[in-house]
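Structure record follows, encoded as structure tokens.
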There are 2 protein chains.
Amino acid sequence: MNLMQQADGKETSATRTAYLTLRQMILTGELAAGEKLKIEQLRARLDTGASPVREALSLLTSDMLVERLDQRGFRAAPASLANFQEILTLRCALEDMALRQSIANATAVWEEALVVAHHRMKRASAEGSIPEFEDAHKAFHMALLDNADSPILLRYCGQLYDLNIRYRYLAAAGTNYQKRDVATEHEEILDAVVRSDANAASGALMNHYRVTGDYLAVPLSDL
Amino acid sequence: MNLMQQADGKETSATRTAYLTLRQMILTGELAAGEKLKIEQLRARLDTGASPVREALSLLTSDMLVERLDQRGFRAAPASLANFQEILTLRCALEDMALRQSIANATAVWEEALVVAHHRMKRASAEGSIPEFEDAHKAFHMALLDNADSPILLRYCGQLYDLNIRYRYLAAAGTNYQKRDVATEHEEILDAVVRSDANAASGALMNHYRVTGDYLAVPLSDL
DNA sequence: TTTTCTAAAAATATCGATATTTGTTGACAA
DNA sequence: TTGTCAACAAATATCGATATTTTTAGAAAA
């Protein structure tokens with residue numbers, strides 16, 4: 001009962017499956033921001049029991065993607081312009097810190113991992129597979145910060161990354177993100193990191209976020 | 001079944017009660033760092049059902065006080081010197097940011113709230129009630145950051161505060177914390193904030209943490 | 001001895017049913 | 001009309017039982 005065969009044959013718990021599915025549904029907006037999340041409804045939709053759904057929702061609370069109301073169940077975290085801006089500000093502050101620490105700890109192994117992550121992202125972009133690009137994009141950004149050797153900081157950055165993704169979908173920009181000249185921005189970051197130029201790397205990363213932020217702020221301005 | 005009468009007559013859900021109790025047990029070390037947390041054992045200890053315990057543990061995962069192992073249940077988050085130092089570093093960085101924003105947004109109302117929080121802390125200290133002092137101490141520190149008007153940042157600071165508390169107990173310093181000259185440090189912070197001197201306030205706060213950190217590092221050095 | 005395999009025990013994850021709350025509707029009084 | 005209050009409906013939180021792992025222990029083989 002515990003072990004489940006997923007489509008790809010990988011075995012997972014029902015809770016984990018529910019967690020990943022619900023997470024994706026919230027990030028993409030399939031479950032709208034602020035929407036009431038009824039257990040029975042989700043249970044039927046995911047074809048699983050109430051317990052896994054309930055636990056998955058509890059877990060999503062950690063990620064600030066779901067809110068728990070007193071004894072009135074759960075709802076998808078509301079979205080607002082203020083929230084979007086707070087996320088942007090915090091990302092800049094935390095990622096700046098993490099990136100600088102990563103560079104301070106730089107090793108050949110890390111740099112190689114970065115180059116690989118960057119290459120995979122470019123390949124996914126060339127192949128035009130949106131979900132694969134999304135995964136590779138997150139992997140690249142996380143790889144940049146990974147060498148800071150600061151698990152909590154990395155966790156926070158990952159959370160903020162995901163929260164931001166949701167606003168990308170809200171802005172209906174999820175699909176055409178690649179069309180901006182984001183590739184150049186990524187290369188600038190990578191180059192600066194490889195040169196161990198912390199200021200340039202951080203500057204390029206901050207610029208990347210600020211540009212993306214401005215880009216999204218327009219369609220989000222009426223939140 | 002849902003509604004529970006607590007000792008103080010306040011009604012809460014079984015999950016919330018379990019959450020608060022388990023949290024306290026982990027913070028104080030009654031449940032040791034790294035210890036396996038068996039549902040049945042906790043269920044009996046808290047005199048409640050397995051579901052509330054399970055959900056409470058899920059919630060504690062958000063706070064990084066509990067880890068969830070694949071399909072092998074839960075355990076209290078392990079403690080290590082590296083973890084302690086990471087918490088200290090992040091607290092300094094995040095609270096510096098939050099405090100400066102709070103001061104930038106300063107209002108008379110906020111300053112009054114701070115003075116009250118500080119007074120309560122002093123009173124609790126004078127009365128010698130450790131748990132009340134602990135609560136008031138946290139309330140004071142959170143009040144300092146509250147005016148930054150940045151819910152996520154405040155949440156992170158709160159989490160890090162609690163994680164640090166656990167190390168205080170681990171260092172067996174939980175009881176004699178007040179004996180250090182912490183009162184003066186708090187006054188310095190408050191004075192600087194009231195003067196709207198961000199640099200002095202931040203400096204005093206950072207000093208407060210660094211001193212506390214050094215103070216705890218000694219007994220923790222063998223983690 | 002050490003390793004490997006198997007059977008029993010322990011613990012987890014999940015289900016289905018039930019009690020408790022919250023939300024809603026409509027009648028009745030003001 | 002408007003407001004209050006019961007009865008009803010919907011949804012949540014919780015329990016108890018069960019299926020599925022994981023862990024442990026012991027026996028058989030190398």
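Throughout, protein chains are lettered first and strands after them, A, B, ... in sequence-line order, and every chain is numbered starting at 1.
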Using a 3.5 Å distance criterion without hydrogens, assess whether the side chain of B/Tyr167 forms a donor-acceptor pair with backbone atoms of B/Leu81. no
Residue B/Arg72, side-chain heavy atoms: nucleotide from D/dT22, D/dT12, D/dG16 that is nearest: D/dT22
Nucleotide nearest B/Ile39 (side chain, heavy atoms from C-beta), chosen from D/dC15, D/dT14, C/dT12: C/dT12
Can you tell me if B/Glu95 uses its side chain to pair, donor with acceptor, with the backbone of B/Leu205 under 3.5 Å? no
How is A/Leu57 classified with respect to the nucleic acid when contacts are heavy atoms under 4.0 Å: base, sugar-phosphate, or nothing? nothing
Using a cut-off of less than 4.0 Å, is there contact between a side-chain N or O of B/Thr48 and OP1 or OP2 of D/dT14? no
Quick one: A/Lys38 NZ to D/dA10 C1', roughly how many Å, whole number? 8 Å
Return yes if some donor-acceptor pair links the side-chain N/O of B/Glu86 with the main-chain N/O of A/Ile152 below 3.5 Å, else return no. yes
Can you tell me which nucleotide in D/dT12, D/dT14, C/dC15 comes closest to the side chain of B/Thr15? D/dT14
Tell me whether A/Ser129 contacts the main-chain N or O of A/Ser125 through its side chain, where contact means a donor paired with an acceptor under 3.5 Å. no
Of the nucleotides D/dT14, C/dT22, C/dT14, which one has an atom closest to the side chain of A/Gln71? C/dT22
Are B/Lys36 and C/dT12 close enough that a side-chain N or O sits under 4.0 Å from OP1 or OP2? yes
